[in-house]
Amino acid sequence: MKIAIISGKGGTGKTTISANLSKLLGMDYIDCDVEEPNGFLFLKPEIKERKNVVQNYPKINQENCTLCKACVNVCQFNALAKAGDEIMVFEKLCHDCGACSLVCAGNAITMWPRLVGIIETGYAEGKRCKRGVLKIGEPMAVPVIRALVSELGGNDCILDCPPGTSCSVVASIKKADIAILVTEPTKFGLHDLLMAEKLVAMYHLPFGIIINKDDGKDNVIRRHCRKDNVRLLGAVPFSREAAKAYSNGEMLIDQEMFKKVFLYIAEKVREVFS
Amino acid sequence: MKVILSSEGTSLESRLDPRFGRCTYFIVYDSSARSFKAIKNSGAESNQGAGIAAANQAMEEGVEAVITGNLGPNAYSLLQKAKVHLYKSDAVTVKRALELLEKEELSLLEGAGRAHQGML
């Protein structure tokens, strides 16, 4: 089973839930949040393998180029422009669709690879951990996430997804069987949770909710779960101890109080999704 | 000389938009004919590369100069390479910016602003 941890709102605790659950359930940990992958800070795997992720972009042979602008006009991403008597390429805007090289009648375009990120694989106490790392300055996370997701194989895993509900999340949940939505009991938390619920509904993923930083009251998230008949898988209490452990890169399940919480969640996940 | 200005509206009394790639309209002014027209900036609606799309549009109009508040790094390098004159102005209206151009009181844009500034 592949479980996607998503949230809508950033900072709700996806990585905390992902790292602790993967350790407790003995599942692979996959950090799809390639713009800021931080799960390895907690699981501390020893990295055994690094792989480059490359993407192609057009190189213009100015000698063959007739400045017809067919490539500029076909590009949907504004990655090409004619400036005086040459075609300029803005490689970071290129989505590697290849349309420019298809329409070029003068054979003036060759696609060249460039490095956009890496995929790291390591092991923590025998458990496989993988993460994508987007090269600093690169604007597009999706190519790195796609490469990461394509090499998951058949292992059970926890997919620690990026925040939001945009392309990078869609790419991350491609192979997921179920989703756990992590939220917090605030209006922002609820607002973005509803967006995340819409997203998982579009992809027909069964899902449940974890409330992080829970105040234990009948808060906006609990009321939403009751009213809209959404499964609540558990709640991690709001506490100074949790924040302290987090800031020291420690796992919550190493503390008895939190271990109980996560054991309950793990049990609930098995019960609901098996 | 044909000049393009980033504008919030379609008349010479419109406010000059400090953003280039994400401005709503362009005013294309022809100084020899003393006439102007307003066009929609197609870059404003693009998902990415707004400055490049806007610069493409400016070059398509055959302008020799741009007057705006800021240019992003991509639009800047593109228009520089195309040898378009780049002027900076914090004038309130399009009309005022054109008057300053006529009096040769506009300063040249020196270097590009930050990327994605116009999106904020």
Side-chain angles (χ1 to χ4, degrees), chain A residues 35 55-62 65-100 103-104 109 114 116 134-145 164-171, chain B residues 1-2 4 6 19-24 26 39-66 68 70-87 108-109 111-120:
Chain A
E35 286 178 75
Q55 245 213 320
N56 293 326
Y57 72 100
K59 261 196 176 174
I60 315 281
N61 178 346
Q62 305 287 353
C65 178
T66 60
L67 296 171
C68 73
K69 281 180 72 180
C71 58
V72 174
N73 296 333
V74 80
C75 182
Q76 301 298 298
F77 307 105
N78 297 318
L80 293 157
K82 177 172 169 272
D85 53 5
E86 78 172 90
I87 301 291
M88 276 179 87
V89 180
F90 296 90
E91 56 189 46
K92 283 186 179 171
L93 297 183
C94 176
H95 285 227
D96 191 8
C97 73
C100 53
V103 297
C104 181
I109 294 181
R114 64 191 194 90
V116 292
L134 185 67
K135 200 174 132 195
I136 289 173
E138 284 300 323
M140 278 185 288
V142 171
V144 180
I145 298 171
T165 45
S166 64
C167 308
S168 47
V169 181
V170 173
Chain B
M1 181 169 81
K2 259 181 153 184
I4 201 165
S6 53
R19 307 164 305 167
F20 178 70
R22 296 280 174 193
C23 69
T24 319
F26 284 123
I39 53 173
K40 250 191 125 114
N41 170 19
S42 60
E45 279 157 26
S46 55
N47 288 328
Q48 59 166 52
I52 298 167
N56 270 336
Q57 207 174 351
M59 290 187 289
E60 219 122 90
E61 291 293 331
V63 302
E64 290 163 63
V66 169
T68 187
N70 287 293
L71 276 171
N74 290 340
Y76 182 81
S77 61
L78 182 53
L79 291 166
Q80 275 252 312
K81 197 159 249 176
K83 299 194 170 66
V84 176
H85 300 289
L86 307 174
Y87 294 102
L108 288 169
L109 247 167
R114 281 179 294 121
H116 300 146
Q117 206 167 8
M119 292 178 77
L120 302 176

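Reminder, nothing fancy here: chain letters follow the sequence lines and each chain counts from 1. Below, all heavy atoms of this structure are taken into account, side chains as well, without hydrogens, waters or symmetry copies.
Listed options B:Gly43, B:Gly51, B:Ala115, B:Ala82 were ranked by heavy-atom pairs under 4.5 angstrom with chain A; first place goes to B:Ala82. By number of non-hydrogen pairs under 4.5 angstrom with chain B, the leading residue of A:Gly84, A:Ala83, A:Pro139 is A:Ala83.
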Please list every donor-acceptor pair closer than 3.5 Å that links chain B with chain A, giving the two atom names and the distance for each.
residue: B:Gln48; atom: O; partner: A:Asn78; partner atom: ND2; Å: 2.9
residue: B:Gln48; atom: OE1; partner: A:His95; partner atom: NE2; Å: 3.0
residue: B:Gln48; atom: NE2; partner: A:Phe77; partner atom: O; Å: 2.8
residue: B:Gln48; atom: NE2; partner: A:Leu93; partner atom: O; Å: 2.7
residue: B:Gly49; atom: O; partner: A:Asn78; partner atom: ND2; Å: 3.3
residue: B:Glu60; atom: OE2; partner: A:Lys69; partner atom: NZ; Å: 2.6

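The side-chain contact (heavy atoms from CB on, under 4.5 Å) search around A:Cys75 returns A:Phe77, A:Ala79, A:Leu80, not counting sequence neighbours.
The environment of CG in B:Leu108 is crowded: more than 12 heavy-atom neighbours from other residues, nucleotides or ligands sit within 6.0 Å.
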